[in-house]
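This report concerns only the one structure given below.
No experiment lies behind these values; they were computed from the predicted model shown.
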Amino acid sequence: MASSTAAVPFLAPPLEQLRHLAEELRSLLPRVRVGEAQETAEEFNREMFWRRLNEAAVKVNGEATVLTTHFSKLPWPSPQETQRICEQVRIAIEEIIIVYYSLPKDQGITLRKLVRNAALDIVDGMAQLLEVLLTAPSQSTENGDLISCNSVSVACQQVPEIPKDNKAAALLMLTKSVDFVKDAHEEMEQAVEECDPYSGLLNDSEDNSDSHSDEDGVLGLPSNRDSYWSEEDQELIIPCLALVRASRASLKKIRILVAENGKKDEVAQLDDIVDISDEISPSVDDLVLSIYPPVCHLTVRISVNVWTLRGSVTLPDYPETVHSLNLELVWQQASPAIALPLCPQRWICEIGVCFNKGS
């Protein structure tokens, strides 16, 4: 005779369910990074898109709070309750990803990148929260799990701050580039101002007075050559600093011209300008790092060559972009700038002339 009682499906213990969910979320990250926009015949509704994205972020934030409340202390919920909570987390995360996929490419690659990064931060933050809860479930509600939960909350709360069109997204990215180069420029200037060739020399002399010999160098010169710039280095730093300064001025000018002349419907052109500007910050970073003592002149030479080649090759590739936004900006690859010693004055002068033409 068959039993009248229905078989209860086996459920993994709560710990195992959370571990599986964390692995599942981690596996989603590569897919989101390369995910394409979902093709649809419907006309894109901007207002509906942002409403759905904001609502999905609020939902994820709520599920993160539920996770923290139920699993940050013992006793844990039953396997059945754990299954229900995990399913709600899955649904909330999937909704964020689905909404991101619904943003068409024709709304702007720069805008899509910002939305994609927001989605990645949310998925990654939820996975981190699960991993922290798995690490020491019997010991916490106050520290690690709440910090991780806060990272999910921060990511969700940033969603309403995302620019709503590609021009605003482009301006945000240009502002970040300007700020990055500004910080690098100020750091470099401060290093130059604080440069003291004889820093530490007195202590070195007192501690090693018996060990100095002619092989240490010319008598009276500092022995700490790895921590200061020689005269030859300092002659090299001046034009390098001018290059960074010119880069900062160029980015600021681009941002101003995009803000004043850029049109929201010039989506592809705005994306091109962001791509162009994105080439500048890494070049600044490489150059600044290359001039710290001990300076390798070959490394500096390579950094400058790459920088000037990027500028001279990239910008002319987009003449329609530059012209449509009244960006009469051309970076000239002056031969004196390639063969050190550098000559940025000519380079900066040529940029200035182009700016004047566009103003």
Side-chain angles (χ1 to χ4, degrees), residues 36-37 43-51 53-54 99-100 102-119 158-185 243-285 307 310-332 347-348 350-359:
E36 296 290 336
E43 184 178 355
F44 178 70
N45 187 318
R46 187 187 303 273
E47 183 179 349
M48 182 180 294
F49 169 81
W50 289 109
R51 183 172 68 249
L53 188 64
N54 290 335
V99 176
Y100 159 61
S102 71
L103 182 62
K105 285 185 177 180
D106 61 16
Q107 294 299 306
I109 300 301
T110 304
L111 181 61
R112 286 195 86 244
K113 285 180 180 179
L114 292 179
V115 177
R116 179 195 65 192
N117 290 341
Q158 292 299 315
V159 168
E161 306 301 321
I162 299 174
K164 300 302 185 288
D165 60 66
N166 208 48
K167 178 181 177 180
L171 285 171
L172 176 63
M173 298 308 295
L174 289 170
T175 299
K176 288 183 177 180
S177 293
V178 170
D179 291 343
F180 178 88
V181 175
K182 176 185 174 183
D183 290 343
H185 179 219
L243 284 173
V244 176
R245 188 182 299 113
S247 177
R248 176 180 174 181
S250 301
L251 282 172
K252 288 177 67 176
K253 186 66 174 182
I254 292 173
R255 182 183 61 182
I256 291 170
L257 293 174
V258 168
E260 293 177 349
N261 302 318
K263 297 179 175 60
K264 291 182 180 181
D265 59 354
E266 294 178 320
V267 174
Q269 291 89 340
L270 290 165
D271 287 334
D272 287 341
I273 288 174
V274 171
D275 287 342
I276 293 167
S277 301
D278 282 346
E279 294 287 337
I280 299 177
S281 295
S283 300
V284 170
D285 194 35
W307 191 348
R310 278 176 176 172
S312 63
V313 172
T314 306
L315 282 171
D317 286 343
Y318 302 94
E320 71 284 355
T321 301
V322 175
H323 180 70
S324 66
L325 291 176
N326 196 29
L327 285 175
E328 299 292 339
L329 175 63
V330 179
W331 288 31
Q332 299 293 337
W347 185 75
I348 297 168
E350 289 169 338
I351 293 177
V353 170
C354 294
F355 280 157
N356 290 335
K357 287 172 60 181
S359 58

Discussion item. Tell me whether the count of non-hydrogen atoms from other residues, nucleotides or ligands lying under 6.0 Å of NZ in K164 goes above 12.
Written reply: yes
For the [atom1] atom of [X] and the [atom2] atom of [Y], what is their distance to the nearest 0.5 Å?
{"X": "R248", "Y": "D183", "atom1": "CZ", "atom2": "CG", "result": "8.5 Å"}
{"X": "K167", "Y": "I273", "atom1": "NZ", "atom2": "CD1", "result": "11.0 Å"}
{"X": "K182", "Y": "H185", "atom1": "NZ", "atom2": "NE2", "result": "11.0 Å"}
{"X": "K176", "Y": "L251", "atom1": "NZ", "atom2": "CG", "result": "14.5 Å"}
{"X": "D275", "Y": "I109", "atom1": "CG", "atom2": "CD1", "result": "9.0 Å"}

Heavy-atom closest pair, residues [X] and [Y]:
{"X": "L114", "Y": "A169", "result": "CD1-CB, 3.5 Å"}
{"X": "L111", "Y": "P163", "result": "CD1-O, 3.1 Å"}
{"X": "S247", "Y": "I280", "result": "OG-CG2, 2.7 Å"}
{"X": "Q107", "Y": "N166", "result": "O-CB, 3.4 Å"}

Item to complete: Say whether, by atom type as modelled, one donor and one acceptor occur between the side chain of S281 and the main chain of S277 under 3.5 angstrom.
Response: no
Worksheet entry | Check: T175 side chain, L171 main-chain N or O, donor-acceptor pair, under 3.5 Å | yes
[X] versus [Y]: any side-chain heavy-atom pair under 4.5 Å?
{"X": "L103", "Y": "R116", "value": "no"}
{"X": "Q158", "Y": "E161", "value": "yes"}
{"X": "L270", "Y": "T110", "value": "no"}

Practice prompt. Could you go through the side chain to side chain contact (heavy atoms under 4.5 Å, CB included) check for D106 and V267 one step at a time?
Written response: CA-CA 7 Å; D106 61 16; V267 174; over 6 Å; no
Practice prompt. Only counting residues at least two apart or in another chain, list the ones meeting salt bridge (charged side-chain N to carboxylate O under 4.0 Å, His left out) with K105.
Written response: E36
Item to complete: With sequence neighbours left out, write down each residue that passes salt bridge (charged side-chain N to carboxylate O under 4.0 Å, His left out) with K264, or none if nothing qualifies.
Response: D165
Fill in: For F49, ring pair (Phe, Tyr, Trp, His ring centres under 6.0 Å) partners two or more places apart
F44
